[in-house]
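Notes follow once the structure below has been shown.
Counting convention: from 1, in listed order, for ligands and their atoms alike. As the structure is a prediction and not an experimental result, all values here were calculated from the model.
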Amino acid sequence: MKSRRRILIVVGLLALTSVLARPLIHLLNTAVRDVDELTELPPGYVDDASRLNQTKVADIWTIPVDSDDPERQIAQLLSRARLERRRVTIAGARHSMGGHTIYPGGIVIDTLPFNQMELDEHLGILTVQSGAIWKDVLAFLDRRGWSVEVMQSNNSFSVGGSISVNCHGWQYDRPPIASTVESFRLMKADGAIVRCGRTENTELFSLALGGYGLFGIILDVQLRVMANERYRLEQFVVPAAWALATFDERVRDRPDLRMVYARMNVAAETFLENVIINAFFLDPDGEIPPLSDAAMDSLRRAVFRGSAESEYGKVFRWNAETNLQPMLAGKIFSRNQLMNEGVEVFQNRSADSTDILHEYFVPRHHAVSFVAAMRKIIPRHEGNLLNVTIRAVNEDTDTFLRYADGPLVAYVMLFVQERNKNGERRMQAMTQELIDAALEHEGRYYLPYRLHATREQFTAAYPQSKAFFERKLQYDPDELFQNQFYIKYGPSPR
Ligand SMILES: Cc1cc2nc3c(=O)[nH]c(=O)nc-3n(C[C@H](O)[C@H](O)[C@H](O)COP(=O)(O)OP(=O)(O)OC[C@H]3O[C@@H](n4cnc5c(N)ncnc54)[C@H](O)[C@@H]3O)c2cc1C
């Protein structure tokens with residue numbers, strides 16, 4: 001009897017080992033090879049999250065928050081720049097990827113220390129300086145029982161950078177962030193400060209929101225905020241062809257739906273064929289869990305980075321998410337917790353490659369056909385796609401250079417690319433084809449990423465850009481505020 005039990009135990013252990021061995025070896029291998037090869041920039045140089053934009057600048061000027069009057073000092077800096085005939089760029093967390101915070105030989109204003117905030121609980125308005133990053137905003141609001149209405153899916157970005165690209169997230173039934181901005185104070189090129197809002201300086205309000213720092217320095221912002229809430233997760237893993245129907249039948253019209261996103265399978269054999277829908281419903285009865293740093297960082301990083309390196313890693317990640325995630329079903333989250341993840345956890349730290357984001361928006365009736373186009377274009381260019389999330393964005397009626405001119409479906413894609421000319425050339429060719437596909441589907445692409453779109457594609461996607469740049473010249477005739485985006489698509493291309 002005893003020896004039979006022993007044999008059974010040994011066989012069981014062997015079976016378990018054979019099931020676990022490959023995933024364990026894969027994860028260990030990824031962890032061992034995941035060496036931090038990020039290096040400091042040489043003095044006088046700046047770059048952005050692409051790690052492809054290293055550029056020499058004249059000065060990196062940090063807002064001196066300890067001085068008596070930082071705003072007067074910013075105005076003095078602008079006069080100095082005018083005298084020296086230098087261009088000025090404004091930088092938050094520099095997670096844009098196309099040199100939107102960079103001008104060669106220019107002066108970069110680092111806004112990050114400019115990060116004070118104050119909450120009016122009576123009005124539900126947060127006044128926050130533009131350099132504050134969401135991680136600090138969420139912590140501040142969480143302590144008071146409040147939360148952010150609309151922001152990105154990560155917490156590493158500055159408020160100024162977020163409203164200057166008019167970001168959006170996966171908060172359900174919401175337009176981009178501009179819809180939550182009541183007003184802001186803007187320092188114009190001449191150093192004068194104006195309040196822009198829904199009843200004063202309304203044109204400048206719509207231009208600077210999503211205006212990529214071209215109209216002045218946003219000093220502080222009045223953001224509408226909401227109560228923090230307790231949510232329950234429900235998940236659905238379905239073939240991509242059924243995703244919209246599943247969403248309509250089981251998610252869309254439920255009044256307690258608060259946040260939702262879907263993720264697609266990126267493994268080669270089943271490329272974009274399956275979708276996992278993650279829907280978060282209000283669950284008001286019970287304690288709201290306290291805010292914490294995201295858990296199991298190392299494991300999540302190994303699963304994610306492992307999927308960048310191998311096909312097995314992509315299959316493993318999808319299986320882990322779809323087989324292990326159901327254990328999370330019914331799990332409770334706070335709204336703040338869902339938005340409290342830093343990009344650093346997943347960041348590419350290799351010297352040879354970098355992660356590049358793309359985002360395309362199409363009307364819902366073109367969603368299926370656009371995915372069919374992605375399914376052809378990406379493998380043709382051997383794009384190493386790490387992640388696709390799908391979100392819904394409502395119409396934006398606030399910004400001038402708007403991407404959401406109606407309700408749209410957004411595809412956010414993260415690719416790995418080599419940090420060399422070949423990698424850049426291949427990424428550009430694929431991006432241009434994806435943009436063409438979005439345009440053919442009455443959609444457009446998002447502007448904070450690489451500047452691979454041709455001028456014609458940019459104009460087709462943003463027909464209002466001509467009027468946008470005309471107004472830029474009215475408000476900033478000396479073109480003091482410039483960046484690589486302006487150099488490429490502005491009124492006088494160089
Ligand atoms: C990993 C990752 C995930 C992302 N996820 C999302 C997402 O879910 N949704 C989404 O919409 N976007 C997303 N983005 C894009 C992101 O929202 C933008 O890149 C955003 O600009 C980042 O904020 P930042 O503080 O890094 O801005 P920066 O890159 O520092 O600046 C962006 C632009 O804003 C201007 N700017 C910054 N501060 C000011 C100011 N105070 N006054 C005037 N102009 C200013 C800059 O000049 C620049 O043109 C993501 C980006 C990355 C890298």
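Remark: minimum distance from atom 47 (O) of ligand 1 to any protein heavy atom is reached at Ile90 O, 2.6 Å. With hydrogens left out, the protein atom closest to atom 26 (O) of ligand 1 is His95 N, 2.7 Å, a heavy atom. Atom 9 (N) of ligand 1 has as its closest protein heavy atom His168 O, 2.7 Å.
For ligand 1, the polar-atom distance check finds an N/O of Gly161 within less than 3.5 Å of one of the ligand's N/O atoms. Here's the thing with Leu357: none of its N/O atoms is less than 3.5 angstrom from an N/O atom of ligand 1. Every N/O-N/O distance between Pro448 and ligand 1 stays at or above 3.5 Å. Residue-to-ligand polar distances keep Phe157 apart from ligand 1: every N/O pair is separated by 3.5 Å or more. When only interatomic distances are considered, the shortest N/O to N/O separation between Tyr449 and ligand 1 falls below 3.5 Å. Any N or O atom pair closer than 3.5 Å counts here, and Tyr446 shares at least one such pair with ligand 1. Remark: ligand 1 and Ile217 share no N or O pair separated by less than 3.5 Å (distance only, no angle test). Between Gln152 and ligand 1, a contact under 3.5 Å exists for at least one N or O pair. Of the N or O atoms in Ser96, one or more lie within a sub-3.5 Å distance of an N or O in ligand 1.
Nearest heavy-atom pair across Asn228 and Ser334 is ND2-CB, 4.0 Å.
Heavy-atom contacts of Arg391 reach the following atoms of ligand 1: 7 (C), 8 (O), 9 (N) (cutoff under 4.0 Å). Below 4.0 Å from some heavy atom of His100 lie the following atoms of ligand 1, by number and element: 46 (C), 47 (O), 48 (C), 49 (O). In the vicinity of Gly213, heavy-atom distances shorter than 4.0 Å reach the ligand 1 atoms 35 (C), 43 (C), 44 (N), 47 (O). Atoms of ligand 1 found under 4.0 Å from any heavy atom of Ser130 (numbered from 1 in listed order, with element): 41 (N). Against a heavy-atom cut-off of under 4.0 Å, Val165 is close to the following atoms of ligand 1: 17 (O), 18 (C), 20 (C), 21 (O). Annotation for ligand 1: atoms under 4.0 Å from non-hydrogen atoms of Ser164 are 34 (O), 35 (C), 36 (N), 39 (C), 43 (C), 44 (N), 45 (C). Applying the 4.0 Å criterion to heavy atoms of Gly216 picks out, from ligand 1, the atoms 42 (N), 43 (C). Of all atoms in ligand 1, numbered sequentially from 1 with element shown, those under 4.0 Å from a heavy atom of Arg94 are 24 (P), 26 (O), 28 (P), 29 (O), 30 (O).
Side-chain atoms of Asn166 never come within 3.5 Å of backbone atoms of Thr399 as a donor-acceptor pair (strictly under, hydrogens ignored). A donor-acceptor distance shorter than 3.5 angstrom exists from the side chain of Asn53 to the backbone of Met97, with no hydrogens or angles considered.
At a threshold of 4.0 Å, the pair Glu344-Lys135 does not count as salt-bridged, since none of the basic side-chain nitrogens sits closer than that to a carboxylate oxygen. For Arg85 and Asp478, the salt-bridge test fails: no basic side-chain N is under 4.0 Å from an acidic carboxylate O. Salt-bridge formation is detected for the pair Arg301/Asp34: a Lys NZ or Arg NE/NH1/NH2 atom is positioned less than 4.0 Å from an Asp or Glu carboxylate oxygen.
No side-chain donor from either of Tyr445 and Gln457 sits under 3.5 Å from a side-chain acceptor of the other. Between the side chains of Gln152 and Ser162, at least one donor-acceptor pair of N or O atoms lies under 3.5 Å. With 3.5 Å as the limit, one finds a donor-acceptor pair spanning the side chains of Gln235 and Asn278.
Under a 4.0 angstrom heavy-atom cut-off, Ser153 registers as being in contact with ligand 1. A heavy-atom separation below 4.0 Å is not found between Thr89 and ligand 1. Judged by the shortest distance from any of its heavy atoms, Ala208 lies outside the 4.0 Å radius around the atoms of ligand 1.
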Assess the residue pair His168 and Phe361 against the criterion (ring pair (Phe, Tyr, Trp, His ring centres under 6.0 Å)); give the C-alpha distance rounded to whole Å, side-chain angles, the decisive distance to 0.1 Å, and a yes or no. CA-CA 12 Å; His168 69 95; Phe361 306 94; 5.7 Å; yes

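Applying the salt bridge (charged side-chain N to carboxylate O under 4.0 Å, His left out) rule to pairs touching residues 398-413 yields Arg198-Asp398, Asp405-Arg444, sequence neighbours excluded.
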